[in-house]
S.K.: 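What follows is a single structure, and I will ask about it in a moment.
As the structure is a computational prediction, the values presented were derived from the model and not from experiment.
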Number of protein chains: 2
Amino acid sequence: MQITARGRYAVMAMADLAGCVCPPEECCRAVRLTEIAERQGISLTFLEQIFCRLRQAGLVSAVRGPGGGYRLARPAAEIPIIEILRGAGEPIRTTRCNPDGGPCMKAPPGRLVGGPEREPGERCQTHDLWAALGREIERFLASVTLADVIGERLAGPEAAAA
Amino acid sequence: MQITARGRYAVMAMADLAGCVCPPEECCRAVRLTEIAERQGISLTFLEQIFCRLRQAGLVSAVRGPGGGYRLARPAAEIPIIEILRGAGEPIRTTRCNPDGGPCMKAPPGRLVGGPEREPGERCQTHDLWAALGREIERFLASVTLADVIGERLAGPEAAAA
DNA sequence: GAATTCTTGACCATTTGGGTCGGGAAAAAT
DNA sequence: ATTTTTCCCGACCCAAATGGTCAAGAATTC
């Protein structure tokens, strides 16, 4: 169980972007991807892929042409981390159920993954466990915003416990 | 971010195993892997791999020869899920730091993953976030035992919140 | 000693992750 | 109006991890 680079990069880049706005006005200038890529040490083309998705998810807005770049679509305090991960295409998948209510743990075509074919609605014995784990993770990631990350409000082991 | 089949299989198999003991005595008989593989629809040879690790981790004990099989090394109520996952070789890796205190997010040999080379001890801006996420996950998985899983004590959205 | 059952290492195929490339298209600068 | 700068986006590629097989071996029981 681990986070992919795409998800991490997305959050790193968003944090970078959020840190770039001049504090008084929220929208002083757009930030070029080249800058972010350089500062964070991420491949530019990969970052373009990621921001393409983040824009489609409505988390950032883009400005083309010279002097263009990206800005946050909302204040950092209103962007929960879970949205960044979802936007970047890094879903939290703790179960293997089809999202549309298909059979639990149904195997991908031609492959045996996760047990015998089950009737739709039938659940394996561990289903509730993974579902509960998924809820835990999402709850946490929804409770932390981009502003928390750049403000370093995560130090203690009990951060964001509310 | 998702759990691999190995981790899921390990928990499924342990739950199966835990469900096999005759309630009064805890150690009526050893359970063959063939049985578990069949019931859970898991490849026998893959399951062998997994149980090899679970045994090395001290979670089950093995009995060879006819009538042999595996049994739980401890009562199900004393086996937290996190131990099964660790035993099966499915660690929770939310950061990319070297365990031995190397630089945060150092790239694997010859590959650029996760930002510029950092000095040992230096941390990227999102480090605390991922560390906190890891703690959340481990806390949850440590709070649920195998007995909880087979007893279906995970139904509500607030399960194991204590 | 033959049949079981675990034990373990080597091996293999596919998927996924991480990343590149190349050509666009909009907007500003000139 | 053309050039430059930036985003846009699909096609492609390689290495590594994942999920799984195979085969040989070591205890144990019958």
S.K.: Would you mind reading off the distance between A:Arg6 atom CZ and C:dT16 atom P, rounded to a whole angstrom?
M.R.: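 That distance rounds to 12 Å.
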
S.K.: I'd like to check the side-chain hydrogen bond (donor to acceptor under 3.5 Å, both in side chains) partners of A:Gln2; sequence neighbours left out, ordered by chain and number.
M.R.: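 Counting only residues at least two positions away or on another chain, A:Gln2 forms no side-chain hydrogen bond (donor to acceptor under 3.5 Å, both in side chains).
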
S.K.: Give the rounded distance in Å between these two atoms: CD1 of A:Ile3 and C1' of C:dG17.
M.R.: 15 Å

S.K.: Measure CZ/B:Arg29 against C1'/C:dT4 and give the value in whole Å, please.
M.R.: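 Interatomic distance, CZ of B:Arg29 to C1' of C:dT4: 15 Å.
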
S.K.: What is the distance from CG of A:Leu33 to C1' of D:dT5, rounded to the nearest Å?
M.R.: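 Going from CG in A:Leu33 over to C1' in D:dT5 covers 13 Å.
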
S.K.: Can you sort out the partners of A:Thr145 under side-chain hydrogen bond (donor to acceptor under 3.5 Å, both in side chains), two or more places apart, ordered by chain and number?
M.R.: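 Residues passing side-chain hydrogen bond (donor to acceptor under 3.5 Å, both in side chains) with A:Thr145: A:Asp148.
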
S.K.: Could you pull out every donor-acceptor pair under 3.5 Å between side chains of residues 55-67 of chain B and any protein atom, sequence neighbours left out?
M.R.:
none

S.K.: Check side-chain hydrogen bond (donor to acceptor under 3.5 Å, both in side chains) between A:Arg6 and all other residues, then give those that pass, not counting sequence neighbours.
M.R.: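 side-chain hydrogen bond (donor to acceptor under 3.5 Å, both in side chains) check on A:Arg6 returns nothing, list empty.
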
S.K.: Do A:Leu72 and A:Met14 touch side chain to side chain, with heavy atoms closer than 4.5 Å?
M.R.: yes

S.K.: Between B:Gly67 and B:Glu90, which residue's closest nucleotide on DNA chain D lies nearer the 5′ terminus?
M.R.: B:Glu90

S.K.: Specify the separation, in whole Å, of atom CD of B:Glu35 and atom P of C:dT4.
M.R.: 15 Å

S.K.: Please identify each residue that fulfils side-chain contact (heavy atoms from CB on, under 4.5 Å) with B:Ile137, with sequence neighbours left out.
M.R.: A:Leu133, A:Ile137, B:Met1, B:Ile92, B:Thr94, B:Leu133, B:Leu141

S.K.: Answer yes or no: does a side-chain N or O of A:Thr4 lie under 4.0 Å from OP1 or OP2 of C:dG18?
M.R.: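 A:Thr4 to C:dG18 OP1/OP2: side-chain N or O found under 4.0 Å.
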
S.K.: List for me each residue that meets side-chain hydrogen bond (donor to acceptor under 3.5 Å, both in side chains) alongside A:Arg32, sequence neighbours excluded, and say none if there are none.
M.R.: A:Glu35

S.K.: Using whole Å, report how far CD1 of A:Ile42 lies from P of C:dG17.
M.R.: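 From A:Ile42 CD1 to C:dG17 P: 17 Å.
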
S.K.: Tabulate atom names and distances for all N/O pairs under 3.5 angstrom spanning the protein and nucleotides 23-26 of chain D.
M.R.:
none

S.K.: Grab the CD-P distance between B:Glu38 and C:dT5 for me, whole Å please.
M.R.: 12 Å

S.K.: Of all the nucleotides listed (C:dC6, D:dC7, D:dT28), which has the minimum atom distance to the side chain of B:Arg32?
M.R.: C:dC6

S.K.: Please list residues of residues 49-63 of chain A whose heavy atoms come under 4.0 Å from any atom in DNA chain C, ordered by number; otherwise none.
M.R.: A:Gln49

S.K.: Let me know, please, whether A:Phe46 or A:Pro66 comes out on the 5' side of the other along DNA chain C by nearest nucleotide.
M.R.: A:Phe46

S.K.: Quick one: are A:Arg135 and A:Glu138 in side-chain contact, heavy atoms under 4.5 Å?
M.R.: no

S.K.: For residues 40-66 of chain B, which residue pairs qualify under ring pair (Phe, Tyr, Trp, His ring centres under 6.0 Å), counting only residues two or more places apart or in two chains?
M.R.: B:Tyr9-B:Phe46, B:Phe51-B:Tyr70

S.K.: Could you state the atom-to-atom distance from CD1 of B:Ile36 to C1' of C:dC6 in whole Å?
M.R.: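 Going from CD1 in B:Ile36 over to C1' in C:dC6 covers 12 Å.
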
S.K.: Would you say A:Tyr9 reaches C:dG17's phosphate, i.e. side-chain N/O to OP1/OP2 under 4.0 Å?
M.R.: no

S.K.: Taking OP1 and OP2 of C:dT5, is either one under 4.0 Å from a side-chain nitrogen or oxygen of B:Thr34?
M.R.: no

